[in-house]
Student: 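Supplied in structure tokens, the structure appears directly below.
Note that these values count all heavy atoms, side chains included, but never hydrogens, waters or copies made by symmetry. Being a predicted model, the structure only gives us computed values, none of them experimental. Counting begins at 1 with the first residue of the sequence.
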Amino acid sequence: MIKNIKLKFGRAEGLPPESITAMPITVFVGPNNSGKSKILTEIQQFCTTGNKNTNNVIIESIELSSFADEVVDEKIESVTLKPNLGEAQHPGHIFVGKGPARHHVNELQFKQALKTPNSQPTHTCQWFLAYNTLILNGSNRINLVNEQAAGNLQGPAHTSFQLLFRDDEKRKEVRRIIYEAFGQYLVVDPTNLGKLNLRLSKEPPKEDTEERGIHAEAVEFHSKAMLINQASDGVKAFTGMVTEMIAGDPSVLLMDEPEAFLHPSLSFKLGKEVSQIMSASDKRLFVATHSPNFVMGCIQSGAPVNIVRLTYRNDVPTARILPNEDILRLMRNPLLRSTGVLSGLFYEFVVVTESDADRAFYQEINDRLLKHSNGRGIPNCLFLHAQNKQTVKTIIKPLRELGIPVAGIVDIDVLKDGGTVWSSFLESGSIPDLEREPLASLRQALKRKFEESGKNMKRDGGIKALEENDQEALQNFFNKLSDYGLFVVPNGELESWLMGLGASGHGPNWLVEIFEKMGEDPESQDYLKPHEGDVWNFIDSISKWFFDPRRKGIPK
């Protein structure tokens, strides 16, 4: 039913508002407090009332799609109720609803509301969409598997268990998914007369009557199966969500952090299954998630998916629709998969380093700045490593194209690399084409200066190995790169930091020793806390670039 969602803001401050053309699956990602849960609430509010809420902070308007004439009667029948005993029914009117909720409506007006939903959205939503919208969040997903009333088999089904109990095909589909996830068979138990319970059985029922009956064989079969309430929260949450999606059959399904309680592999499977379920119809799924595994499951299902990244900082919200093919590229590249690059979708900032030792060190420095300095450090930041300096650009570029602020840290020997290695490094920082040639010439000239000095640029002090005038030129060069979020270690390499502590070795060996010398107990006198200069100011410079609302290097 949802065709388009127009937001109140765009990809960056001052840009036109974004409009989301609804696909079967729309996934909202982004840092904490970016509005992911809020947008689900605003969608639910509209689907329930059809009213435009002036208090909305994210959604400007929602456009509904119309139903074709040939399916209007079918849709009306799906929510039509029989009059209660003694209930008055006006001519040309019908009762519609689900469960205890019901409306007495003019049938012709109802048909017109489904054919032209945007002319009377309050009728469309209150008479139809409200009954076909389901939100699954932290407060209700565990309770979805609780015992339900069996209801009157001679009347319409009012709950997901009742529908599952009656519909063999839907019951078998849920059973398949649960078996693939947990290796046990989900069955619906009617033997507590008047009630329906879900159980997990080691064996499938031999026939439908063994599951749906109340004779001795059925009672014995169910007695051997475990009540779902005795299972873990993850099993209950997964089972409940799958059951509601298939048996509850909502037209609009809203899921807030569906990965809660789930192992990463289950998050992946849930993403894949819900996407396949929803894509097989004209239904719409909207998800707010922090799970890269769930996102991967959605995309690998093959279903049409929107990935929308929301951010909010300094009272400035942004929304960027991420191209499906770009997300697929992140997932298919073995290097990017191995570094967990998709997790960058859920952080406000990302720092990419050459090696895992670099990543661990800079992350620890940032943590100490956040904990022991007032206002210093980079909050909500993910640190990734790229194996070597040549592949730093491989991570930076695709994440920046998705609108994620990503800074790269490389050793000074990046100056040695010319040709396509250097040009692609500048390209990853979105440095304008006209500026790349002068930078390439300057890089070559600086490289010659190091060669003439006879010193190793990494091991012999980096920038300090050059003459004073050349140092200024090199610093200007570094400053130009840092304007675009590309940061070069000025004194050479990772091991040039905190030299006063006297750590020796290289790479992982140096890391172990420097961490020992930095101390681990904040209450100890030997614990190194942030101060001015050295690596602390280096991280400050990265933080400054991140916090600059007019930072360069992020494609609009």
Side-chain angles (χ1 to χ4, degrees), residues 4-21 26-43 45-46 52-62 256-257 286-290 306-323 326-327 343-352 366 369-370 374-383 396-408 429-432 482-487 539-556:
N4 182 276
I5 299 175
K6 184 178 180 181
L7 305 184
K8 289 177 174 284
F9 44 83
R11 294 160 66 94
E13 188 175 12
L15 293 183
E18 284 281 277
S19 287
I20 304 169
T21 300
T26 298
V27 182
F28 298 105
V29 300
N32 288 330
N33 302 314
S34 59
K36 300 186 298 298
S37 298
K38 178 63 175 172
I39 196 171
L40 296 187
T41 301
E42 293 183 3
I43 293 172
Q45 184 274 332
F46 176 81
K52 184 174 181 178
N53 189 347
T54 57
N55 294 321
N56 279 357
V57 296
I58 299 178
I59 294 176
E60 176 64 32
S61 61
I62 294 179
D256 192 7
E257 297 188 14
F286 298 93
V287 183
T289 182
H290 287 96
N306 268 331
I307 309 291
V308 182
R309 177 174 156 88
L310 301 175
T311 67
Y312 185 81
R313 170 163 283 277
N314 298 327
D315 297 326
V316 178
T318 68
R320 184 181 291 247
I321 301 172
L322 311 182
D326 289 350
I327 302 292
S343 296
L345 295 175
F346 308 96
Y347 286 81
E348 194 165 2
F349 309 113
V350 178
V351 172
V352 182
N366 186 59
L369 281 167
L370 291 170
N374 185 18
R376 297 174 75 183
I378 310 165
N380 199 10
C381 182
L382 175 67
F383 285 76
I396 292 176
K397 185 179 179 183
L399 285 178
R400 286 198 182 185
E401 288 174 347
L402 298 179
I404 301 171
V406 186
S430 296
I431 294 177
S482 67
D483 285 343
Y484 289 87
L486 304 175
F487 295 87
I539 294 297
D540 283 342
S541 65
I542 299 175
S543 177
K544 183 179 178 182
W545 180 75
F546 278 140
F547 291 150
D548 183 356
R550 295 178 177 80
R551 74 176 83 86
K552 300 175 182 178
I554 307 297
K556 296 297 184 184

Student: Please confirm whether the backbone N or O of F46 pairs with a side-chain atom of N53, one donor and one acceptor, at under 3.5 Å?
Tutor: no
Student: For E401, enumerate each residue passing the salt bridge (Lys or Arg N to Asp or Glu O under 4.0 Å) test, keeping only those at least two apart in sequence or located in another chain.
Tutor: R329
Student: F9 vs L15, test: side-chain contact (heavy atoms from CB on, under 4.5 Å). Steps then yes/no.
Tutor: CA-CA 8 Å; F9 44 83; L15 293 183; over 6 Å; no
Student: Can you give me the closest heavy-atom contact between I321 and S19, atom names plus distance?
Tutor: CD1-O, 3.4 Å
Student: Can you sort out the partners of D315 under side chain to side chain donor-acceptor pair (under 3.5 Å), two or more places apart, ordered by chain and number?
Tutor: Y312
Student: Output all residues satisfying side chain to side chain donor-acceptor pair (under 3.5 Å) with T289, sequence neighbours left out; order by chain, then residue number.
Tutor: E259
Student: Check salt bridge (Lys or Arg N to Asp or Glu O under 4.0 Å) between E348 and all other residues, then give those that pass, not counting sequence neighbours.
Tutor: R313
Student: With sequence neighbours excluded, tell me which residues meet salt bridge (Lys or Arg N to Asp or Glu O under 4.0 Å) with K52.
Tutor: E60
Student: Please examine the side chains of I431 and K552, heavy atoms only from C-beta on, and report whether any two atoms are closer than 4.5 Å.
Tutor: no
Student: Determine the minimum heavy-atom distance between I62 and I43, stating which atoms define it.
Tutor: CD1-CA, 4.2 Å
Student: Is there side-chain contact between Y484 and P432, with heavy atoms separated by less than 4.5 Å?
Tutor: yes
Student: Would you check if the side chain of N366 reaches a backbone N or O of I378 as a donor-acceptor pair within less than 3.5 Å?
Tutor: yes
Student: Identify, with sequence neighbours excluded, every residue that meets salt bridge (Lys or Arg N to Asp or Glu O under 4.0 Å) alongside R400.
Tutor: none
Student: Can you tell me if K8 has over 12 outside heavy atoms packed within less than 6.0 Å of its NZ?
Tutor: yes
Student: Using modelled atom types only, decide if a donor and an acceptor are shared between the side chain of K36 and the backbone of G30 within a distance under 3.5 Å.
Tutor: yes
Student: Heavy atoms only: give me the nearest L7-A319 pair and the separation to one decimal.
Tutor: CD1-CB, 3.4 Å
Student: I'd like to know if the side chain of N314 and the backbone of V316 have a donor-acceptor N/O pair within less than 3.5 Å.
Tutor: no
Student: In the structure I gave you, are the side-chain heavy atoms of L486 and I396 within less than 4.5 Å of one another anywhere?
Tutor: yes
Student: Taking the ring centre of each residue, are Y347 and F383 less than 6.0 Å apart?
Tutor: no
Student: What are the two closest non-hydrogen atoms of P405 and I554, and how far apart are they?
Tutor: CA-CD1, 3.7 Å
Student: How about N33: does its CG atom have over 12 heavy atoms from other parts shown lying under 6.0 Å from it?
Tutor: no
Student: Start with the C-alpha gap between F286 and I5, add the side-chain angles, then the distance that decides, and say whether side-chain contact (heavy atoms from CB on, under 4.5 Å) holds.
Tutor: CA-CA 11 Å; F286 298 93; I5 299 175; 3.7 Å; yes
Student: Could you tell me whether the side chain of I404 reaches within less than 4.5 Å of the side chain of R309, counting heavy atoms only?
Tutor: yes
Student: Is there side-chain contact between F28 and L40, with heavy atoms separated by less than 4.5 Å?
Tutor: yes
Student: Any donor-acceptor pair under 3.5 Å linking the side chain of R551 with the backbone of F546?
Tutor: yes
Student: Are the side chain of D548 and the backbone N or O of R550 linked by a donor-acceptor pair below 3.5 Å?
Tutor: yes
Student: For residues S482 and F487, report the shortest heavy-atom separation together with the two atoms involved.
Tutor: CB-CE2, 3.5 Å
Student: Grab the two heavy atoms, one from S34 and one from T311, that are nearest each other, plus how far apart they are.
Tutor: CB-CA, 3.8 Å
Student: Does E42 reach the main-chain N or O of V57 with its side chain, forming a donor-acceptor pair under 3.5 Å?
Tutor: yes
